[in-house]
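Below is one structure; the comments refer to it alone.
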Protein chains: 2
Amino acid sequence: MTKPPTPSENEAQPFTVAGLRMDVLEGAFSWYIRAIDAVVSRDLDQRTAHLDVAKGKGKITALLLVDGHPGIRPSQIAEVLMRDRPATGRIIDHLVKAGDIRRESDAEDQRAQALYITDKGSALAQEVRDIIREQQDDFFDFIPPEDRDEFMRMLQRAYINMRNKLK
Amino acid sequence: MTKPPTPSENEAQPFTVAGLRMDVLEGAFSWYIRAIDAVVSRDLDQRTAHLDVAKGKGKITALLLVDGHPGIRPSQIAEVLMRDRPATGRIIDHLVKAGDIRRESDAEDQRAQALYITDKGSALAQEVRDIIREQQDDFFDFIPPEDRDEFMRMLQRAYINMRNKLK
DNA sequence: AGCATTGATTGTGTTTTACAATTATCTAGT
DNA sequence: ACTAGATAATTGTAAAACACAATCAATGCT
């Protein structure tokens, strides 16, 4: 690939992918967010391929939420996942069929369900947590530990900020 | 959104969504990345709903790449998008039918195509860039300008690091 | 010339995803 | 207490995204 004239007023490193300068993407946060999401998601799919939560768009989150919040309702999970209730219900179906969680009817509200982790699900949750930690160590090893906290705070702030603006 | 049900005992709020403590998600970068991606993507879909590139999973990137790299090949776009060639080909089909780009056959390699922006596409690209900039200003206004560069560098490093590990 | 490689398209089947409609339960107002 | 409206969840369905296999054409290497 020929070396193009470097952009005059742009001092950011014009880094390339497939021989293409990426500065044409307007240096948009959103593009990198999406790309990182794609890589991380695929990698996570591979690492969890042998588990009930494989190919997870929301199964992992649902499992960990139930594990950490006994008696949680499907609608609460839906809100965290930012999915509608039907989609969330099917994720829960899947986990129930696999024997990782169980449904009970909420004592305070007969309409609602209360979800609880099973022994099998609890073991699975622990396994998933280990996998997530491994992935984090592998992918973010270039960030020194003290900067990881900073990065995490930045992501949390972005997430909170965005959620607040949506309503 | 549900009402905040926990102004009772805790003052060091550990960060909740829908009344649920989120620390059960293992403080995983990947979870926040995915959530932010979902919010940003939906918002971008709304902002571009009236354009040819609406509902874009890759159309916007493809358009900007062609605009910034005259003569680019579909396979190069596929590599940036991290999609397979069939998926990329259909995105290009869509943009060609809409009259935003045009195909020519590459002079150096008769198998390959060389893609060029049209006047219509060029105007669209400018419009898209404006929208992206607006979105960035809206969503990341909580980050002071000097920290935005830092955040951006962090994202770029994460992206590069991940891509390198995939090979 | 022969053969493996690369660029691109078409076709197909699976999986997501959102939306509408339905049932059951709760809450509020009269 | 009773009705009206809101909320929790499920089922059904249609549209869209996505990956994989097969095919065809052009290139390059030996």
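Side chains included, hydrogens not; waters and symmetry mates left out as well; all remaining heavy atoms used. Reminder, nothing fancy here: chain letters follow the sequence lines and each chain counts from 1. Here the structure is a predicted model, which means the values were calculated and not measured.
The side chain of S75(A) contributes an N or O atom lying less than 4.0 Å from OP1 or OP2 of dA9(D). Look at Q113(A) and you'll find a side-chain N or O under 4.0 angstrom from OP1 or OP2 of dT10(D). Here R42(A) does not reach the OP1 or OP2 of dC18(D): none of its side-chain N or O atoms lies under 4.0 Å away.
Distance, I72(B) CD1 to dG7(C) C1': 14 Å, rounded to whole Å. Atom CD in Q76(B) sits about 13 Å away from atom C1' in dT6(C), given to the nearest Å. The CD1-P distance, from I92(A) to dT10(D), rounds to 7 Å in whole Å. Following rounding to the nearest Å, R85(A) (CZ) and dT25(C) (C1') show an atom-to-atom distance of 13 Å. Distance CG (D37(B)) to C1' (dT17(C)): 15 Å, rounded to an integer number of Å. Computed from coordinates, the Q110(B) CD to dT9(C) P distance equals 15 Å when rounded to whole Å. Straight-line distance from the CE atom of M82(B) to the P atom of dA19(D): 11 Å, rounded to whole Å. One can place CD1 of I91(A) at 10 Å from C1' of dT16(C), the figure rounded to the nearest angstrom.
For R90(A), counting side-chain heavy atoms from C-beta on, the closest listed nucleotide (dA9(D), dG12(D), dC26(C)) is dG12(D). Proximity note for R73(B) (side chain, C-beta onward) versus dT17(C), dG7(C), dC26(C): the nearest is dG7(C).
Looking at heavy-atom distances under 4.0 Å, A87(B) makes no contact with the nucleic acid at all. At the heavy-atom level, D109(B) lies under 4.0 Å from the strands shown only through sugar-phosphate atoms.
Of the inter-residue distances, the one linking N161(A) atom CG with D141(B) atom CG reads 5.5 Å to the nearest 0.5 angstrom. The CD1 atom of I72(B) sits 10.5 Å away from atom CD1 of I117(B), with the distance rounded to the nearest 0.5 Å. To the nearest 0.5 angstrom, T61(A) atom OG1 is 7.5 Å from M22(B) atom CE.
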Go through R133(A) and Q136(A) one step at a time and tell me if the side chain to side chain donor-acceptor pair (under 3.5 Å) criterion holds. CA-CA 5 Å; R133(A) 210 172 292 118; Q136(A) 187 130 323; over 6 Å; no
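Contact of R111(B) with dT6(C) (side chain to base): a donor-acceptor pair of N or O atoms is detected under 3.5 Å.
If P86(B) and E108(A) are placed on DNA chain C by their nearest nucleotide, the residue sitting closer to the 5' end is P86(B).
The ring pair (Phe, Tyr, Trp, His ring centres under 6.0 Å) with F29(A) is formed by just one residue from the set F139(B), F140(B), Y159(B); it is F140(B).
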